[in-house]
Amino acid sequence: MNRKHFLSSFIAATAALPAFKTLANTIESESSSFKIPPYLKAGDTIGITSPAGYITLEQIEPSVLQMQSWGFTIKVGDTIGKRDFTYGGTDEERLANFQQMLNDPNVKAIMCARGGYGFVRIIDQLDFSAFKRNPKWIIGFSDITVIHCHLSKNFGIASIHSKMCNSFPDDWAKAEPIQIETILSIKNALTGEQMGYTASLNSNNRFGKTDGILVGGNLSIIETLAGSNSDLDTKNKILFIEDTGEYLYSIDRMLWNLKRSGKLKNLKGLIVGGFKVKPEDAGEEFGKTIYDIVLEKVKEYTYPVAFDFPVGHQRNNFALKCGANHTFIVNESGATLRCI
């Protein structure tokens, strides 16, 4: 594989990288209240399960082969190939399989096969007792934001917001560079490599520099979890948001929810990823852009804000460690997010 295509997307490790990796491999992070699960090594097992939407064994095959090529053993869960209408099996089947993955001491990471809808239907019935004693990486985005928020709220355990099995290219040799970059970022997150990303300057950005724990995910999921046992605490955090298939007025409404509930008040910084806006009906135009909508909600605050960051329902959706400390810099060169 020609590495020149993706190396430019990652910030070079500093001279202190060995010290960072040693620190990060401890379960308890001394610089935050979040626990960092052990990083994976060759031979470790990644479990694949579908707590939300339906997916076939054939559809996950490219991801299985690729992760095996990285040196990992893959355990395919019982929900792969099962179907209950839109779901990857019944609630009971999805619950049982995810619970089994949580409890299995040989499974070192859990890759959610796809998003869709369904995790919220089982989250309150999961028993995290074994998981709390032996944390492991849980990987996914979109509907999987449910568990990222739940872990943040209840256990302070880090997780990985990233692409899932249904995003791995069918033919790695023919994949576009951006596909390769984003998939390899999952490997880097799992193995403890130094990670960082940059986004081009957007004229709507608000400059600044800050350090803090990164939290976030899909905006509509974050909003619907408000007041629940999975409600995301954003105080003194760097928040990232993304969404897809929503009308502008719906995005405005969701951000008003975040503002009125105090989730935008005490942030360290705000990262706005990809937003695929649903086309408006003629005569029903909202009259504001994504930039207008966001900046209106944060105008009274002073933290840095960056738009068009490479995260979301798009090809440039890079792996981010929820619950890990990051440095966030927004200036004339663009925006930089570095995991520390």
Side-chain angles (χ1 to χ4, degrees), residues 52-53 86 115-117 119-120 140-146 148-149 161 163 167 178 182 197 199-208 214-228 230-232 234 237-267 269-318 320 322 328 330 334-335 337:
T86 188
Y117 170 71
F119 214 145
V120 73
F141 85 113
S142 193
D143 190 67
I144 313 306
T145 298
V146 171
H148 294 314
C149 293
H161 181 281
K163 288 183 172 180
S167 295
I178 192 64
T182 52
Y197 309 110
S200 300
L201 176 65
N202 184 297
S203 61
N204 297 283
N205 285 357
R206 192 161 69 193
F207 296 170
L214 184 70
V215 298
N218 182 260
L219 176 60
S220 59
I221 297 294
I222 294 171
E223 189 222 11
T224 58
L225 295 176
S228 74
S230 307
D231 196 356
L232 184 64
T234 63
K237 308 293 197 309
I238 300 170
L239 174 66
F240 71 95
I241 55 174
E242 62 83 27
D243 219 319
T244 187
E246 298 286 350
Y247 286 112
L248 284 166
Y249 79 84
S250 294
I251 297 168
D252 185 72
R253 180 172 57 199
M254 289 186 281
L255 282 165
W256 272 118
N257 177 285
L258 265 60
K259 181 177 177 61
R260 296 182 69 225
S261 61
K263 287 184 170 60
L264 301 179
K265 183 177 181 180
N266 296 305
L267 294 180
L270 177 63
I271 297 170
V272 183
F275 273 80
K276 290 184 180 178
V277 177
K278 197 171 184 178
E280 297 174 305
D281 297 328
E284 298 293 334
E285 294 83 4
F286 188 62
K288 294 181 185 294
T289 66
I290 286 290
Y291 311 120
D292 298 329
I293 291 169
V294 172
L295 292 174
E296 178 186 46
K297 311 303 180 296
V298 301
K299 61 184 177 183
E300 63 192 274
Y301 314 127
T302 60
Y303 47 75
V305 178
F307 290 94
D308 299 333
F309 210 78
V311 59
H313 288 73
Q314 54 193 28
R315 291 208 166 188
N316 57 335
N317 180 23
F318 286 90
L320 297 176
C322 300
F328 179 44
V330 186
L337 182 70

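Both backbone and side-chain heavy atoms feed into the values below; hydrogens, waters and symmetry mates do not.
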Would you say that Tyr301 contacts Leu267 through its side chain, given a criterion of any heavy-atom pair below 4.5 Å between the two side chains? no
What are the two closest heavy atoms between Pro304 and Phe328, and how far apart are they? O-CE2, 3.6 Å
Would you say that Val305 contacts Val330 through its side chain, given a criterion of any heavy-atom pair below 4.5 Å between the two side chains? no
Does any part of the side chain of Ile293, heavy atoms only, come nearer than 4.5 Å to the side chain of Phe286, both counted from C-beta? yes
What one should report as the nearest heavy-atom pair of Thr182 and Arg315 is CG2-O, 3.2 Å
Mind checking the CG-CD spacing from Asp231 to Glu223? Nearest 0.5 Å is all I need. 11.0 Å
Counterpart residues, side chain to side chain contact (heavy atoms under 4.5 Å, CB included), relative to Ser228 (two or more places apart): Leu225, Ser230
Specify the closest pair of heavy atoms between Asp308 and Ala199, including all atoms of both residues, with the distance to one decimal. O-CB, 4.0 Å
Would Ile271 and Leu214 count as a side chain to side chain contact (heavy atoms under 4.5 Å, CB included) here? Give the steps. CA-CA 10 Å; Ile271 297 170; Leu214 184 70; 4.2 Å; yes
For Asp143 and Phe119, indicate whether the former's side chain and the latter's backbone hold a donor-acceptor pair under 3.5 Å. yes
Flag side-chain contact, heavy atom, 4.5 Å: Leu264 against Leu239: yes
Do Lys259 and Glu296 meet the salt-bridge criterion of a basic N to acidic O distance under 4.0 Å? no
Phe207: what forms a ring-ring contact (aromatic ring centres under 6.0 Å, His included) with it, not counting sequence neighbours? none
Does any part of the side chain of Leu295, heavy atoms only, come nearer than 4.5 Å to the side chain of Asn204, both counted from C-beta? yes
Atom NE2 in His148, atom CG in Leu232: separation rounded to 0.5 Å? 11.0 Å
Evaluate Ile241 against Met254 for side chain to side chain contact (heavy atoms under 4.5 Å, CB included), listing each step before the verdict. CA-CA 11 Å; Ile241 55 174; Met254 289 186 281; over 6 Å; no
Assess whether side chain to side chain contact (heavy atoms under 4.5 Å, CB included) is satisfied between Phe309 and Tyr197, documenting all intermediate values. CA-CA 9 Å; Phe309 210 78; Tyr197 309 110; 4.2 Å; yes
I need the full list of side chain to side chain donor-acceptor pair (under 3.5 Å) pairs touching residues 240-249, with sequence neighbours left out, sorted by first then second residue. Asn218-Glu242, Asn218-Asp243, Ser220-Asp243, Glu242-His313
Tyr291 and Phe307: aromatic ring centres closer than 6.0 Å? yes
Is there side-chain contact between Leu258 and Thr234, with at least one heavy-atom pair below 4.5 Å? no
Could you go through Phe240 and Leu337, starting from their C-alpha distance and side-chain angles, then the distance that decides it, and tell me whether this counts as side chain to side chain contact (heavy atoms under 4.5 Å, CB included)? CA-CA 11 Å; Phe240 71 95; Leu337 182 70; over 6 Å; no
Shortest non-hydrogen contact between Cys149 and Ile222, atoms and distance: SG-CG1, 4.1 Å
Can you tell if the side chain of Asp252 reaches within under 4.5 Å of the side chain of Lys297, non-hydrogen atoms only? yes
Donor-acceptor contact present, side-chain His161 to main-chain Val215, <3.5 Å: no
Report yes or no: does Thr289 contribute a side-chain atom to a donor-acceptor pair with the main-chain N or O of Asp292 at less than 3.5 Å? yes
Minimal heavy-atom distance between Cys322 and Gly216, with the atoms involved, is SG-O, 4.3 Å
Do the side chains of Leu320 and Phe141 get nearer than 4.5 Å, heavy atoms only? no
